There are 2 protein chains.
Amino acid sequence: MTYAIKEVAEKTGLSIYTLRFYDKQGLLPFVSRDSSGYRAFTEGDLHLLKTICCLKNTGMKIADIRQYIGYVMAGPTSIPQRQALLHAHRQAIARQQALIQTNLKEVDRKLALYDAPNAADLVDQELAFAKAEKIANHLPNPFN
Amino acid sequence: MTYAIKEVAEKTGLSIYTLRFYDKQGLLPFVSRDSSGYRAFTEGDLHLLKTICCLKNTGMKIADIRQYIGYVMAGPTSIPQRQALLHAHRQAIARQQALIQTNLKEVDRKLALYDAPNAADLVDQELAFAKAEKIANHLPNPFN
DNA sequence: AGTTGCCCTAGAGTAGAGTCTAGGGTTTAT
DNA sequence: ATAAACCCTAGACTCTACTCTAGGGCAACT
């Protein structure tokens with residue numbers, strides 16, 4: 001009916017070390033201990049843990065995740081706070097996506113250059129330009 | 001005709017510390033020094049630096065960026081290596097985007113729950129379920 | 001000649017997120 | 001009743017990527 005830490009590690013892909021670390025960081029206050037002092041994860045705990053992973057995977061810091069979990073532990077009265085926190089995070093994710101999108105385009109532009117049939121010529125040109133610029137500014141040539 | 005480190009910092013949004021750090025890490029072997037030993041960034045250098053930022057912004061580690069820059073310094077003969085490296089990175093970016101996409105959906109699901117008119121009821125239900133699970137497994141209740 | 005505002009290096013310090021070790025208890029199978 | 005395979009904590013260590021400090025040089029103005 002409950003899961004030991006090893007099983008949870010296998011289910012989530014987190015290491016046992018990481019799970020204990022998260023607990024130490026106050027991310028798992030909802031995980032109870034059995035009579036031997038072992039962590040006993042319920043299905044509900046796994047759901048919350050999945051939420052934690054979801055926030056982590058989208059770049060939320062542990063301190064902020066702790067805050068969110070704190071709100072969850074506080075019960076339904078903290079719904080406005082949870083909303084505010086998640087909404088702000090949602091925007092952070094959107095910014096992150098936009099940044100990656102932009103930079104991915106740039107990488108694709110580079111790749112297109114290298115994939116071009118005359119890639120060697122283009123790269124040669126770039127290099128020649130860079131060298132010329134160094135010379136024009138009386139700077140040592142760092143290339144070659 | 002060339003830019004001092006402070007100007008480059010302003011242009012790129014990187015701190016002066018970070019620029020020097022990148023240089024120390026071997027990311028800026030193409031930046032020459034003037035007669036006083038000061039870094040003198042040319043336009044071409046700024047382009048390369050922009051590429052570095054682009055790789056960094058998409059999660060490439062400094063060690064890998066250094067490798068890429070090493071290929072660039074080696075001239076046109078390293079085009080196949082550059083292609084391979086960027087292609088692999090392109091795939092890493094795609095995986096990253098997919099992960100964020102998936103987790104963003106999850107966040108949106110949570111937000112939808114909190115935005116629902118009966119949010120308090122739903123959250124109450126979840127909580128009741130979680131508590132029941134603890135009791136069913138003879139575990140102490142961590143909530144409240 | 002002195003102050004201001006840049007620039008430099010070396011190296012120490014910080015922050016975040018783990019990862020691992022030592023020392024010790026528990027449960028299960030042999 | 002002992003080994004194997006788990007579990008626990010405290011705390012040290014690692015890695016990455018900065019960030020800052022100390023100590024000192026150069027260039028321009030006053």
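Note: hydrogens, waters and symmetry copies are ignored here, and every other heavy atom, side chains too, is used. Naming convention: chains lettered A, B, ... in sequence-line order (proteins, then strands); numbering from 1 in each chain. Just so it is clear, the model here is predicted, and its values are computed rather than measured.
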So, is A:S15 close to the C:dT19 phosphate, meaning a side-chain N or O under 4.0 Å from OP1 or OP2?
-> yes

Mark yes or no for whether B:N118, through its side chain, and B:D121, through its backbone, hold a donor-acceptor pair below 3.5 Å.
-> no

Taking atom P of C:dA17 as reference, at what distance in whole Å does atom CE of A:M60 sit?
-> 11 Å

Measure from CZ on B:R39 to P on C:dC6 and round the result to the nearest Å.
-> 17 Å

When you get a sec, tell me which of C:dT19, D:dT19, D:dA27 is the closest nucleotide to the side chain of B:S36?
-> D:dA27

Please tell me which of the listed nucleotides, D:dC8, C:dT21, D:dC26, lies nearest to the side chain of A:Y17?
-> C:dT21

Interatomic distance where CD belongs to A:E10 and P belongs to D:dA5 [whole Å] | 15 Å

Donor-acceptor pair (no angle test) under 3.5 Å: B:K24 side chain, C:dG11 base | yes

Does B:A63 or A:D23 map to a spot on DNA chain D nearer the 5' end, using the closest nucleotide for each?
-> A:D23

Is the backbone of A:Q81 close enough, under 3.5 Å, to the side chain of A:S78 for a donor and an acceptor to pair up by distance?
-> no

Does A:Y22 make a side-chain donor-acceptor contact with the base of C:dG18, cut-off 3.5 Å?
-> no

Under-4.0 Å salt bridge between B:K110 and B:D115 = no

Write down the distance between CZ (B:R66) and C1' (D:dA17), rounded to a whole number of angstrom.
-> 12 Å

Atom-to-atom span, CG of A:N57 to C1' of C:dA17 - whole angstrom | 14 Å

Closest to side chain of A:K6, choosing from C:dT9, D:dT9, D:dC6 | D:dC6

To the nearest Å, how far apart are B:I5 CD1 and D:dG25 P?
-> 19 Å

Has A:R33 got a side-chain N or O lying under 4.0 Å from the OP1 or OP2 atom of D:dT9?
-> yes

Find the distance A:E7:CD to D:dA5:P and express it as a whole number of Å.
-> 17 Å

Among the nucleotides D:dC18, D:dC8, C:dT9, whichever has the atom closest to the side chain of A:Y38 is D:dC8

Which of these nucleotides, C:dG18, C:dG25, D:dC18, is closest to any side-chain atom of A:T18?
-> C:dG18

Taking 4.0 angstrom as the limit, do A:D45 and A:K50 come out as a salt bridge?
-> no

So, are B:R33 and B:D23 salt-bridged, with charged N and O less than 4.0 Å apart?
-> yes

Interatomic distance where CG belongs to B:L14 and P belongs to D:dA17 [whole Å] = 14 Å

When you check the phosphate oxygens OP1 and OP2 of D:dT9, does a side-chain N or O of A:R20 lie under 4.0 Å from one of them?
-> no

Of the nucleotides C:dA17, D:dC7, D:dA17, which has the atom closest to the B:K61 side chain?
-> D:dA17

